[in-house]
Structures are given as C-alpha cells and as structure tokens.
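Computed from a prediction, not measured in an experiment: that's the story for all the values here. In what follows, every chain begins at residue 1, and chains take the letters A, B, ... in the order their sequences are listed.
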Amino acid sequence: MIDKLDQFFNEYITKESLFLDKKALQSTFTPEEIFHRDEQINQIAKILAPCLKIENPSNLFAYGKTGTGKTVSIRMITNKMREIAEQKNIPLKFIYVNCKLKKIADTEYRLIAQLAREFGTEIPYTGLPTEEVYKILFNIVDKNKQLVVLILDEIDQLVQKTGDEVLYNLTRINSELKNAQVSIIGISNNLFFRDSLDPRVKSSLSEEEVLFPPYNALQIQDILRQRAKLAFKSDVLQPGVIEKCAAYAAREHGDARRALELLRVAGEIAERDADDLIELKHIDTAEEKTERDKVLDLVKSQPKQQQATLYSIITIAAKNNREAIFTGEIYDGYKELCLKLGLRPLTQRRVSDIIAEFDMLGIINAKVISKGRYGRTREISLAISDSIRTNLNKILEEGLTVS
DNA sequence: CGAGATTCATGTGAAGTATACCTTTAGGCTTAA
DNA sequence: AAGCCTAAAGGTATACTTCACATGAATCTCGTA
C-alpha cells in the first residue's frame, strides 16, 4: 500500500506535465490574435480610435451569446490601446466591470461604488446615499484631464434587476465633467436586451453597435488549435480531440469559452490519470466534470435560505417522479426543512423570487402556468442530469447541516 | 350546449420593516498656553 | 481655548415581509335551443 503510494507520488513528480502554459486555456487569457472576429475587431477599433487623439469616442454596444468573443476582443483591443497610450503619454483609462458579479456590481449603488473603487477610492458596501457615490465617482474621474472608457460586461443582468436608470445617469455623466470625458462600452449576452431600454438610454448607449455571431465548429477548431499550441506540449493531443471539443461546443450555440474549458479540463484529467496523451475519452469525462463543477460551485456559494429552497426542490422532485412540481409543494417542503434545521423560514413571496433566481441561473426550469380551476403556479423541473443531482444532494446536505 | 361568471393557487408590484453600516454633530474630556 | 475622542442622531442600501391586487384557464352556472 505504502509502496504504491510512494510509487504514485514519485511518478507524479517525475512525470512531465502535459501543459506548457495552462493560462492559455483560461477564460482570462487574451491571445495576440483573435480568429474569425476581424470584422468586429475592426469596427470596434475604428470606433475607439479617437481615444488616441483624446477625442471622446462614441458609446458602443456589443452583443452576442456567451463565448462568442465579445469580452476577449474588447480586452485585446483595449490592451493594445493602453500600450500605445502609455508610450505616447495619452491620458486614457479603461475600466472593466462585470455587472453579473453578485455582491460586487449587481445593483446601481454597487456598480457605481465598484467603478469608484477601480479608481482607487474606498467606498463602503452600504450606508452612503447613491447620489453621494455618484459625486465621488464624478470628482475622481474629473480630477485629471483624461479619457475614461467604462466597459460594462453583462449589463443586461444588471438592467433586468434594477432598471436602466444607472445607464441613463452614466450616459449623462459627460455633461457634468469639466476635464475628463467618459464613454461607455456595454456588453450584453442577450440579443434583445437593447429593445427593453428606455429610448433615451438606447439612443445614447448604442450610438454604435457590434454584433458577435456564434462561431461554427470549424472556427472553434481554429481557436482551439491556436490555444492548444500555446497551452500543451507538442504531440500530446490525440487526433480528433480538437474536433470533438469543437463539436460539443458548437452544439451549444458555438460557445468558444466552453470549448476551451473542455479542452483544459480534459488535459487536467489526462494528467491526473498519468496518461501521456489527451484522448477522446477524456473529453467525455471533462464534459461531465465541467458541468458538475459549474453547478456545484454555484450552489455552494448560495446563501443558506437559497440552498434550503433548492434542497426542497430536489427532494420533492425525486420523491414523486412526476413531470413537474409546483411552488406550493416546494414551499411546504421548505418550511418543514427549516423547522428541522432551526432556520427561520422566509415567506412564500420571497421563496417565489428565489425560485425565479434559480431559473435564471439555469439550475431549474420554471414556467408560470395556469391550471385553470386549480390556480396558477410555476411548473418547475430540474435542469441538471441525474449524476450531478446526486452530488448536489450531498453538497446541500453538507452545506445545510453545518451551522 | 355554449357563453359568460367563478374559482383557485399563486404570481407580482408597491410599500413597509429590520439590519447593518455610513456621516455628522454635539458633548465631554484632555491638553497646552 | 483648542484639539481629540465618543456616542447619539439622522440617514442609506439591501434583504426580506406585508398587503393587495392581478392572472388565466378549468370548471360551474344558467339561459336558450
């Protein structure tokens, strides 16, 4: 037994890694060259170019599904511009904020506060009037004569939750500034988001629009090959691996991010298994693992009440394997659970909202239906596979029992 | 038999409340002249 | 008298509750053929 362990560790240490540079497959990585987005990149570059002459560029609105290269493209361009600006001493600043991040930038106050923090001020998490935070932001931006470009990723999430007032205020910011100038790049995953905006916001935010269409399988292959060359040592990929990753990702609206993740995790699995080659079978394992990790991480980070609600959904769905279950049953189960755990139960009103949140997160499918004489409710079903559900169950039980 | 009324179970919006945290301010204490 | 600290007062954002009304199709009702 001990020998075996010894052997394993020794092997593990002496074994050469399959990776050269794992970073190249991570979603934060910005490659030198981005394939199949030439048109979009040119458009954006043209729109942002005036920055380098210290002229205020048009506001820009980029939209397209997840993993279509919106964020990387913009990051790549802004990196370049930042370099140039540095060389030529141009006072240009890019601020990137992801509006989806819970507790960071998912309300008006928090977004503005986060923007101000990016400039190096301390802003408390609560307590200040939002108006005050705007003022702080204005002042710090206006302190220097400079050009500031705010990049708001996934603004659709924010606007859906809190309305478009924030955007209105931000688009008007320029008229109050004396020295600096601000322009906004909005990024949205939702293609129809634009239409839900107040016309005033719409016209000023989307002065320019750039659409990112999904990649097809061949394009994803190109991207994967480029990154794989950086990330892996040569000849560790079994032929067909890239094609298979691409095919999996293309199946889901051409999500390149997902393809890259798949490839990276497949590599990690191969390495863990002490294989010299990344094989096709590793991709299947990787697909399940990525899916599972995504769900589990998400659930682990949820507050207790949310976990309890989800647990109730899972147990009830498992108990009666009907097609769908309803809000009332879930709430009853949830209340019972709270009793057992000594948790103060939330009202049904709130639980209803929590269920809607889980729907948004894609863990469950919920649809409001009317059952005629038998009232109106949400028809809810789990949106996760059985194998994950078992894991999830365990995680939830753990999470709920520790106090 | 069919049009319209009724009904149920919960969705959903608005307003109110509790909590945690912020700034301001007024008082009290110390200190130095 | 000036300076510094502290605690109370007055204010805010957020998560949640309370209240009240909205929904929409299955079912019921009742007039009519």
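In this structure, P303(A) reaches neither bases nor backbone, as no heavy-atom distance under 4.0 Å exists between it and the strands shown.
Atom-to-atom, CD1 of I369(A) to C1' of dG11(B) comes out at 12 Å; the value is rounded to the nearest Å. When rounded to the nearest whole Å, the span between NZ of K161(A) and P of dG13(B) equals 15 Å. A straight line from CG of D353(A) to P of dG13(B) spans 9 Å, rounded to a whole angstrom. Summarising the geometry, the separation between CD1 on I136(A) and P on dC22(B) is reported as 12 Å, rounded to the nearest angstrom. To the nearest angstrom, C1' of dC21(B) lies 10 Å from CG of L128(A). The CZ atom of R376(A) sits 16 Å away from the C1' atom of dT6(B) (whole-angstrom rounding). Between K335(A) atom NZ and dT10(B) atom P the separation is 11 Å, expressed in whole Å. Atom CZ of R373(A) and atom P of dA5(B) are 16 Å apart (whole Å).
Judged by closest nucleotide on DNA chain C, P129(A) is the one of R110(A) and P129(A) placed further toward the 5' end.
Contact annotation: S352(A) reaches the phosphate of dG11(B) (side-chain N/O to OP1 or OP2, under 4.0 Å).
In the model, Y134(A) has a side-chain atom that pairs as donor or acceptor with a side-chain atom of N169(A) under 3.5 Å.
Salt bridge status for K102(A) with D106(A): absent, with no side-chain N to carboxylate O gap under 4.0 Å. Taking 4.0 Å as the cut-off between side-chain N and carboxylate O, E252(A) and R258(A) count as a salt-bridged pair.
Out of dT7(B), dT12(B), dT10(B), the shortest distance to the side chain of Q348(A) is found at dT10(B).
You can see that DNA chain C meets the heavy atoms of chain A within a 4.0 Å-exclusive cut from dG11(C) to dC28(C), reading 5' to 3'.
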For this session: Let me see the working for T309(A) and Y331(A) under side-chain contact (heavy atoms from CB on, under 4.5 Å), right down to the final yes or no.
Result: CA-CA 8 Å; T309(A) 310; Y331(A) 187 64; over 6 Å; no
For this session: Walk me through it: do Y63(A) and V210(A) pass the test side-chain contact (heavy atoms from CB on, under 4.5 Å)?
Result: CA-CA 7 Å; Y63(A) 57 108; V210(A) 178; over 6 Å; no
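F35(A) has its side chain out of reach of I220(A): every pair of non-hydrogen atoms, C-beta onward, lies at least 4.5 Å apart.
Within the cation-pi definition used here (under 6.0 Å to the ring centroid, within 45° of the axis), K143(A) does not qualify as a partner of F138(A).
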